[in-house]
Amino acid sequence: MTQGRFEGKVAIVTGAASGIGRASAIGFARDGAKIVVADIDTAGGAETVQLIREAGGMACFAETDVANSASVQAMVNTAISEYGRLNFAHNNAGIVGAGAPICELPEEVWERGIGVMLTGVFLCMKYEIPHIVAQGPGGPS
């Protein structure tokens with residue numbers, strides 16, 4: 001990894017076990033950030049951490065269900081306990097819809113989608129923002 005604009009900063013990336021989340025986590029690490037890789041997919045999350053570490057970056061994994069308040073709080077606490085701070089987050093976790101007509105869509109599938117896509121972002125921001133604000137403008141390096 002190279003030193004860059006995020007040197008000394010800490011980032012949480014949700015949904016980082018694959019896709020855009022993985023690419024974001026690797027990109028932030030490439031620019032010097034220490035990363036909390038957060039996802040419900042433990043195998044994919046571990047793989048993202050390994051990719052970052054093999055490239056010389058710093059990362060840890062936090063198994064996280066963003067639709068669950070206690071799980072999100074534990075994720076943020078991981079950032080603080082592992083790295084002592086939180087500077088920014090990419091709240092990327094999402095799920096793909098069922099692809100069924102609405103009249104056939106089970107309510108549980110709808111509720112899970114709302115939980116991850118909306119409540120998940122709310123919960124992440126609710127618990128991340130106080131730590132980010134505590135760093136002050138730009139945060140200490």
Side-chain angles (χ1 to χ4, degrees), residues 1-102 104-141:
M1 295 283 163
T2 61
Q3 291 188 2
R5 61 187 165 158
F6 300 132
E7 191 67 32
K9 306 294 185 197
V10 176
I12 290 174
V13 180
T14 66
S18 63
I20 293 169
R22 176 176 282 170
S24 296
I26 290 170
F28 290 137
R30 187 177 302 118
D31 273 350
K34 299 170 188 169
I35 308 297
V36 176
V37 172
D39 208 296
I40 59 171
D41 176 357
T42 57
E47 186 177 330
T48 301
V49 167
Q50 181 181 349
L51 290 168
I52 291 169
R53 288 179 179 170
E54 286 174 354
M58 292 182 67
C60 66
F61 178 68
E63 183 176 356
T64 308
D65 176 353
V66 297
N68 178 282
S69 181
S71 185
V72 171
Q73 289 177 65
M75 171 191 75
V76 173
N77 289 339
T78 295
I80 303 307
S81 66
E82 289 289 321
Y83 303 122
R85 65 196 300 145
L86 177 60
N87 298 96
F88 59 95
H90 180 197
N91 298 315
N92 168 75
I95 58 175
V96 177
I102 199 163
E104 297 173 13
L105 187 69
E107 290 178 28
E108 305 79 47
V109 173
W110 172 261
E111 290 168 1
R112 180 67 180 155
I114 294 295
V116 172
M117 304 297 281
L118 297 177
T119 304
V121 174
F122 162 76
L123 290 172
C124 287
M125 293 176 69
K126 175 182 175 79
Y127 295 109
E128 293 162 347
I129 287 172
H131 294 282
I132 294 169
V133 169
Q135 298 301 310
S141 294

Quick one: side chains of residues 55-66, donor-acceptor pairs under 3.5 Å with protein atoms, not counting sequence neighbours, listed by atom name and distance.
from	atom 1	to	atom 2	distance (Å)
Thr64	OG1	Ala62	O	2.8
Asp65	OD1	Ala67	N	3.0
Asp65	OD1	Arg112	NH1	3.1
Asp65	OD1	Arg112	NH2	3.3
Asp65	OD2	Arg112	NH1	3.3

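Note that CG of Asn87 is 9.5 Å distant from NZ of Lys34, once rounded to the nearest 0.5 Å. In this structure, Ser18 OG and Asp39 CG are separated by 6.5 Å, a value rounded to the nearest 0.5 Å. Taking CD1 of Ile12 as the reference point, atom NE2 of His131 lies at 8.5 Å (rounded to 0.5 Å). Between atom CD1 of residue Ile95 and atom CD1 of residue Ile114 there is a gap of 9.0 Å, rounded to the nearest 0.5 Å.
Nearest heavy atom pair, residue Gly21 against residue Val13, reads O-CG1, 3.4 Å. Across Gly45 and Val37, no two heavy atoms sit closer than the pair O-CG1, 3.7 Å. Nearest heavy atoms, Tyr83 versus Ile35: OH-O, 3.6 Å. The minimum heavy-atom distance linking Leu86 with Ala79 is given by the pair CD1-CB, 4.5 Å. Residues Met125 and Pro130 approach most closely at O-CD, 4.3 Å, considering heavy atoms. Looking at every heavy atom in both residues, Met75 comes nearest to Ala38 through SD-CB, 3.5 Å.
Counting heavy atoms from C-beta outward, Lys126 and Ser69 have side chains that stay 4.5 Å or more apart. Residues Thr14 and Cys124 form a side-chain contact, since some pair of their non-hydrogen atoms from C-beta on lies under 4.5 Å apart. Between His90 and Ile20 the shortest side-chain heavy-atom distance falls below 4.5 Å. In this structure, Ile52 and Ile26 have side chains that are in contact, with non-hydrogen atoms separated by less than 4.5 Å.
Listed for the Thr119 side chain is no donor-acceptor partner under 3.5 Å among the backbone atoms of Val116.
Between Phe6 and Phe88, the angle of the ring planes lies from 30° to 60°, which puts this pair in the tilted group.
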